[in-house]
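Written below as structure tokens is the structure these notes are about.
Start at 1 and go down the list; that is how both ligands and their atoms are numbered. We use all heavy atoms of the structure for the numbers below, so side chains are in, but hydrogens, waters and symmetry mates are not. Residues take their numbers from the sequence shown, with the count starting at 1.
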Amino acid sequence: MMKPLSPGPLSDVKTNMPNMNPYLLLTPGPLSTTATVKEAMLRDWCTWDSEYNQLIQSIRERLVRLAAPSNPAEYTAVLMQGSGTFSVEAALGTALPCNGGKLAVLTNGAYGDRIAQIADILGISSTIIPFGEVASVQPEKLDLALEADPMITHVAVVHSETTTGILNPLAAIAEVVRRHEKTFIVDAMSSFGGIPFDIAELGIDFLVSSSNKCIQGVPGFGFVLARRQVIESCRGNARSLSLDLYDQWNTMERMQGKWRYTSPTHVVRAFDQALIELELEGGIEARHTRYTDNQRKLVEGMEAAGFTPLLPRELQSPIITSFRYPEDESFSFQSFYEALKQEGFVIYPGKVSSADTFRIGSIGEIYPDDIRRLIKAVTQYEAKRSEP
Ligand SMILES: *Cc1c(COP(=O)(O)O)cnc(C)c1O
């Protein structure tokens, strides 16, 4: 018989609400969220109502202020139903016109490859600039590519490559894109809200993220922060009805917070609460500090338990960390995974082809104390495994 799951951590001890989670999610999303974020979903909301529309407008405004603090007036936010990929696809398919335009895709992982795949399926002319799986995107290579191919009009990159945990050098890439005057599309799915940057300063035209990553909401919609002037010029570009980002944006603008088609009302409520809690925590800077703390404690503890991170420290994001399997053949990820789950932690399989790895996330409603308990569980598991 299976052992019942242990009750799990009391992460919600701050709010005095019972924690009903059997485990913490140490994954790249969906993440562990607070009880109060989940509680926001306990009622039904109508959408044909000014109260709901005002909430949408407030969420859009707050997103713009978080993303472009130095120049919020130049930017606008649009929310889109679906998971993060839907918003990436909507942004690409709306930013690039049906005839003409060429996209350069910088890729060093599965999410960069996914951008290339979307371009392919949408019939967007594209060129892929690959950097393997365990190296950072090099801005110099983009510089050369833009020099060599004047047909390129748009550049896309993933900021935090969740495949491995690599943090790409966004400011240096942005500088090259700006100098060549191209339209810049950034998949900041797993970094926005957890790593401070200013899209107005960097000159980003489209930034894509979703409800269930570092803002710490639940899954159900994505959002795009767009330079107002650029999205205004995208009318009629889209190859899709439901993923027409221009039309979605235009409807939200004209009708003051109205979505086209059914919106994920409960998820929106939870997201509003998550934004309030981000502010209470002290904003993106404070959240970044907590994630960085989590990640540092994670690596220290895992190294002490005999595990090696896949990436050198200088490439590593505070978001998620890949670890190599131990060298001895007796290690089984499945059994490790199950043992940690029994102790109240869910980790994530690896995604690189060049090495056997697993991943542990440091984002969500996770604190250094949770990491300490995880390390204790890992250390105990490893001690047992090495017994003769
Ligand atoms: C999570 C994530 C996505 C979107 O994935 P969905 O499963 O569609 O939500 C895209 N890019 C990156 C870098 C991500 O981490």
Among the heavy atoms of [X], does any lie under 4.0 Å from an atom of ligand 1?
X    : answer
H159 : no
K213 : yes
G222 : no

Practice item. Indicate, with yes or no, if the rings of F271 and F221 have centres closer together than 6.0 Å. Key: yes
Check this for me, if you would: do [X] and [Y] make a salt bridge, where the nitrogen-to-carboxylate-oxygen distance has to be below 4.0 angstrom?
X    : Y    : result
K351 : E161 : no
R179 : E175 : yes
R372 : D369 : yes

Review point. Taking I371 as the fixed residue, which of I366, L24, I360 is the one that meets the side-chain contact (heavy atoms from CB on, under 4.5 Å) rule?
Key: I366
Check your understanding: Among N212, T162, V88, whose heavy atom sits nearest atom 13 (C) of ligand 1?
Key -> T162
Revision key, fill the gap. Candidates V158, I115, D187; heavy atom nearest atom 11 (N) of ligand 1 found on D187
Point to revise | For S190, atoms of ligand 1 separated by under 4.0 Å from a heavy atom | key: 15 (O)
**Study point:** Where ligand 1 meets S160 - atom numbers and elements under 4.0 angstrom, heavy-atom basis
**Key:** 13 (C)
Identify the closest protein heavy atom to [atom]: which residue and atom is it, and at what distance?
atom                   : result
atom 3 (C) of ligand 1 : M189 CG, 3.4 Å
atom 9 (O) of ligand 1 : G84 N, 3.1 Å
atom 7 (O) of ligand 1 : S83 OG, 4.1 Å

Review point. Just by modelled atom types, is the L55 backbone N or O under 3.5 Å from a matching donor or acceptor in the D272 side chain?
Key: no
Practice item. Show the numbers, then the answer: is there a salt bridge (Lys or Arg N to Asp or Glu O under 4.0 Å) between D293 and R290? Key: CA-CA 5 Å; D293 230 27; R290 172 164 63 86; over 6 Å; no
**Study point:** Full working for side chain to side chain contact (heavy atoms under 4.5 Å, CB included) between I115 and T107
**Key:** CA-CA 9 Å; I115 292 177; T107 174; over 6 Å; no
Check your understanding: Regarding R269 and T265, is there a side-chain donor-to-acceptor distance under 3.5 Å anywhere?
Key -> no
What part of [X], side chain from CB on, backbone N/CA/C/O, both or neither, has a heavy atom under 4.0 Å from ligand 1?
X    : result
T85  : both
R114 : side chain
P28  : neither

